[in-house]
Amino acid sequence: MALLSSPRKQTVPLATGDEKPSLWKRTAQPPFTKRVFFCSVVVENPEDGSEFPPDLQDFVAQFGDPLDLDDDLAGPNSSTASISDTSQYGNEPYTRKRLPSAPAPPPSFNDPSRPDQSIVPLAVPNPSSRSVALADVINELVATERSYVKRLRILRDEYAKPLREYSRTKDTLIIPPYEAKVLFGNIDQLLPVNEAFLEDLETMLVPDGQQLVGGVGDVALKHFKDLKGFECYRQYYAKREEAQSIFEKEIRKGGQLATFIDRIKYATADARNRVGLRELLMEPVQRIPRYTLLFREMVKQMDAADPQRPKLVEADEHASRIAQAVPDEQTKRAAMWYCFSTTIEDFPANLVSNSRKFIDCIDVDDVLMHDRFSEAVDVTPGGTVGGILHCSLLLFDDKLVILKRPSSERGVRALTGLEELEKSTKAQPFAPGLKKSGIQYKGTVDLTEVVSTDIGGADLHVFLEVPPINDSERWSGRPFRAYSVVHPPSPVNLDPRRSEADKKRFLDNLWTAQARYRTRSGQSVVVATEEQQVESQKGRLQIAKTYFNIYQRTAFLQEQKKTKIVVQIDPLGSADPIPFGVQGPPYVLIRVQPIEGELCRYSVTYHNPNESSSDDDNHGEEDIVQLSRVPERIVQTSNSYVWAVQLPHRQSLGARHAYCQCPLEGGDIRPRRDIA
């Protein structure tokens, strides 16, 4: 293989620290190519503990902003074409807080005999109109929750349990067994959820209680998002119409139920809880909307900088989705798999999994081009090999699925039923009744084996390290794919802005999913750099963004899908070389040793799989670099060495594909393609 240049000759000037990072601003619209690098950062811990020393934490924190692993990615109907990178709450290894010794367990507040006066209302140390109003709302939340839990206990213990028990035999039957079961729904699941919520709320009000459970935002977010306790209310809501019908029917019978209700109602000594069964059955229906009102009132009374404010906003979003009976993730995922398996011909059953998350989809035209890696494809005059294939891509959190659309009349969301699924509401639920639509399955690729490049406009280039193989020559093999975003049945480029926005959304989702892939087992966290201009060729800017997965050594050695760029941070300079086993070394290995004076020793070793050389490890640059410049220097090194191996390959497919670069995942050393 002829090489245009040797990696040994690539040099990157030593950063002096005076120049500013060359961050790309979208103020103008010059031609550009945007790609990403995926890099593993292995931090050798000299203290051999679970925490990094503070100075090492500060250094690693410079590598980028953490991605929030809990945030959903922007889907096809998202109003924005980009993904907002938000802070990763409580999950940063390089900013880990030292945990205090375990405190004594708080007293239990679930005892129904415990008097209400045992909890002191929230006090305001420096009263102001807003702080007093906020404390009042918090106290109202706790007081109403306490009352609500009491009524749930009455509903379960005084009504549900006896009526269900009586329904077991004809001699004691008041209402039939099925009616007794449906009438009270899953009340046995609701009560423990609210008891736990009340316990944390009351713990929050005792002296030093917020050190145990946090503020009101922490408590609300814990139970609505982290524990997902209130998700069981969806099941209660789903049966309310049938339960209401049963209640009305049994009351109209004028039988024993009305007598039983009155006897229980007036047996209680607490006049405040002297309510009938009809009212008690509605309490859970009304409670979740009540939370949203209280959360929003608290948000109004909080300062914009209050750390509890965004947590309450997020908890309110979760509560609102439950109150509006929006289908939960498990239900939506089951409906999504039904759509795919029913409408897509030859859709493989092994793709269906509750743990696999669907992220995005897009319709593209696959412009067939001559590819040196696909020798079976013959080139026709003009540089194409038979025109255009109508294609759709399904993006999951670990796979990319390639589909063949039957024509350009309808898009993948319409063909698979996703469009109707997204429109379904409580009033108009999704009605299964789909059939094969002509769309065909053409292969699956692991996300770690997909490399994509944004070349501007509606176009993107994709390189598949292990392309799918099937019985169709035009769909089989072909590592290199040139895609253009389309919106069937509209002609190509009818709405260029929409096409470019959809392409950007899909690529951002793809890149973020690839970065998150190595965090799924909890072995690393991921941070992202800003977009950075790395070079300019023929008037076209080369833009790069880098995702860093931060590991400790043991966790990295357990990683099955290692990146092709690895940075080893060795504070003492005495760490053993990283063993890479049968997978072989990465294409770029960068070793960083911090030294005095905010500097570090920066050395590079590269491995070129395209070089038939017995010397697998070739030393490149060795420099002294300022610590603050290391992240930017890594990007420049990746760009220099990863693109060092070039393969001239000229094609012609018109102005729209006048230029193409297709990197491999993590910055693989692969040919750069200059298309004239």
Side-chain angles (χ1 to χ4, degrees), residues 36-45 50 60 63 66-67 69-70 73 88 91-94 348 350-359 394-402 443-452 462-469 479 509-528 546-569 575-591 605-607 609 616-617 634 638 642 663-670:
V36 297
F37 297 121
F38 297 98
C39 177
S40 296
V41 178
V42 183
V43 184
E44 306 283 359
N45 193 344
S50 60
V60 178
F63 278 74
L67 297 185
L69 303 185
D70 295 324
L73 301 182
Q88 191 170 333
N91 197 27
E92 306 92 334
Y94 50 86
N350 60 8
L351 277 179
V352 179
S353 170
N354 278 335
S355 62
R356 179 165 290 124
K357 183 179 179 181
F358 172 69
I359 296 175
L394 301 181
L395 174 62
F396 296 91
D397 59 350
D398 63 337
K399 305 285 185 183
L400 183 70
V401 175
I402 302 172
T444 301
V445 186
D446 275 357
L447 281 194
T448 56
E449 297 167 353
V450 176
V451 185
S452 53
V462 174
F463 191 94
L464 309 177
E465 295 185 12
V466 184
I469 304 297
N509 283 340
L510 170 60
W511 292 334
T512 305
Q514 289 176 303
R516 291 178 175 180
Y517 182 91
R518 295 178 177 88
T519 67
R520 299 191 306 169
S521 60
Q523 295 179 173
S524 73
V525 294
V526 62
V527 299
T546 303
Y547 292 91
F548 294 101
N549 283 86
I550 314 294
Y551 296 85
Q552 293 196 37
R553 183 186 184 93
T554 302
F556 178 75
L557 295 179
Q558 296 171 352
E559 180 62 67
Q560 297 297 316
K561 300 278 189 176
K562 294 181 174 63
T563 58
K564 297 177 177 64
I565 306 174
V566 177
V567 177
Q568 183 181 18
I569 299 179
D576 294 333
I578 299 175
F580 292 98
V582 295
Q583 292 183 351
Y587 293 163
V588 180
L589 175 60
I590 302 171
R591 191 179 178 97
T605 303
Y606 69 86
H607 168 72
D616 290 333
D617 294 330
I634 292 172
S638 302
V642 163
L664 283 188
E665 186 274 332
D668 198 343
I669 299 181
R670 282 288 185 175

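Atoms considered below: every heavy atom in the structure, side chains included; atoms not considered: hydrogens, waters and symmetry mates.
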On a heavy-atom basis, the closest approach of T448 and E465 is O-OE2, 4.2 Å

The reported gap from CG in L394 to CD1 in I402 (rounded to nearest 0.5 angstrom) is 10.0 Å

Is the shortest side-chain heavy-atom distance between I578 and R553 below 4.5 Å? yes

Could you walk me through whether I569 and V42 pass the side chain to side chain contact (heavy atoms under 4.5 Å, CB included) test, one step at a time? CA-CA 6 Å; I569 299 179; V42 183; over 6 Å; no

Is the terminal nitrogen or CZ of K561 (NZ for Lys, CZ for Arg) located under 6.0 angstrom from the six-membered ring centre of Y517 and within 45° of that ring's axis? no

Do V526 and P66 have side chains that get closer than 4.5 Å, going by heavy atoms? no

L67 and T512: CA distance, side-chain angles, deciding distance, side chain to side chain contact (heavy atoms under 4.5 Å, CB included) verdict: CA-CA 8 Å; L67 297 185; T512 305; 3.9 Å; yes

Could you report the tightest heavy-atom contact between R520 and D397, atom names first, then the distance? NH1-OD2, 4.0 Å

Does a side-chain heavy-atom distance below 4.5 Å link V450 with L510? yes

So how far is it from F37 CZ to W511 CH2, rounded to the nearest 0.5 Å? 11.5 Å

Can you confirm whether F63 sits close enough to T546 that some side-chain heavy atom of one is under 4.5 Å from a side-chain heavy atom of the other? no

Between Q523 and R518, is a side chain to side chain contact (heavy atoms under 4.5 Å, CB included) present by the stated rule, with each step listed? CA-CA 7 Å; Q523 295 179 173; R518 295 178 177 88; over 6 Å; no

Check the angle between the aromatic planes of Y547 and F38 and answer parallel, tilted or perpendicular using the 30° and 60° thresholds. parallel

Q560, CD atom: more than 12 neighbouring heavy atoms under 6.0 Å: no

What distance separates S524 OG from N549 CG, expressed to the nearest 0.5 Å? 4.0 Å

So do L351 and T444 actually touch side chain to side chain, heavy atoms under 4.5 Å? yes

Would you indicate whether the side-chain heavy atoms of E44 and Q552 approach each other to under 4.5 Å? no

Over all heavy atoms of both residues, which pair between Q568 and A575 is shortest? Give the atoms and the distance, please. NE2-CB, 3.9 Å

For P467, is there any backbone N or O sitting under 3.5 Å from a side-chain donor or acceptor partner on E449? no

Using the rule given for side chain to side chain contact (heavy atoms under 4.5 Å, CB included), can you reason through V401 versus F396, listing the C-alpha separation, both sets of side-chain angles and the distance that settles it, and then say yes or no? CA-CA 8 Å; V401 175; F396 296 91; 3.7 Å; yes

In terms of side-chain heavy atoms, does S40 have a donor or acceptor partner in T563 at a distance below 3.5 Å? yes

Roughly how far, to the nearest 0.5 Å, is CD1 of I565 from CD1 of I634? 9.5 Å

When rounded to the nearest 0.5 angstrom, what distance separates CD in Q514 from CG in D446? 10.5 Å

Within this structure, what is the CG-CZ distance for the pair D398 and R356, rounded to the nearest 0.5 Å? 4.0 Å

Taking every non-hydrogen atom, the tightest pair across F556 and F580: CE2-CE2, 3.9 Å

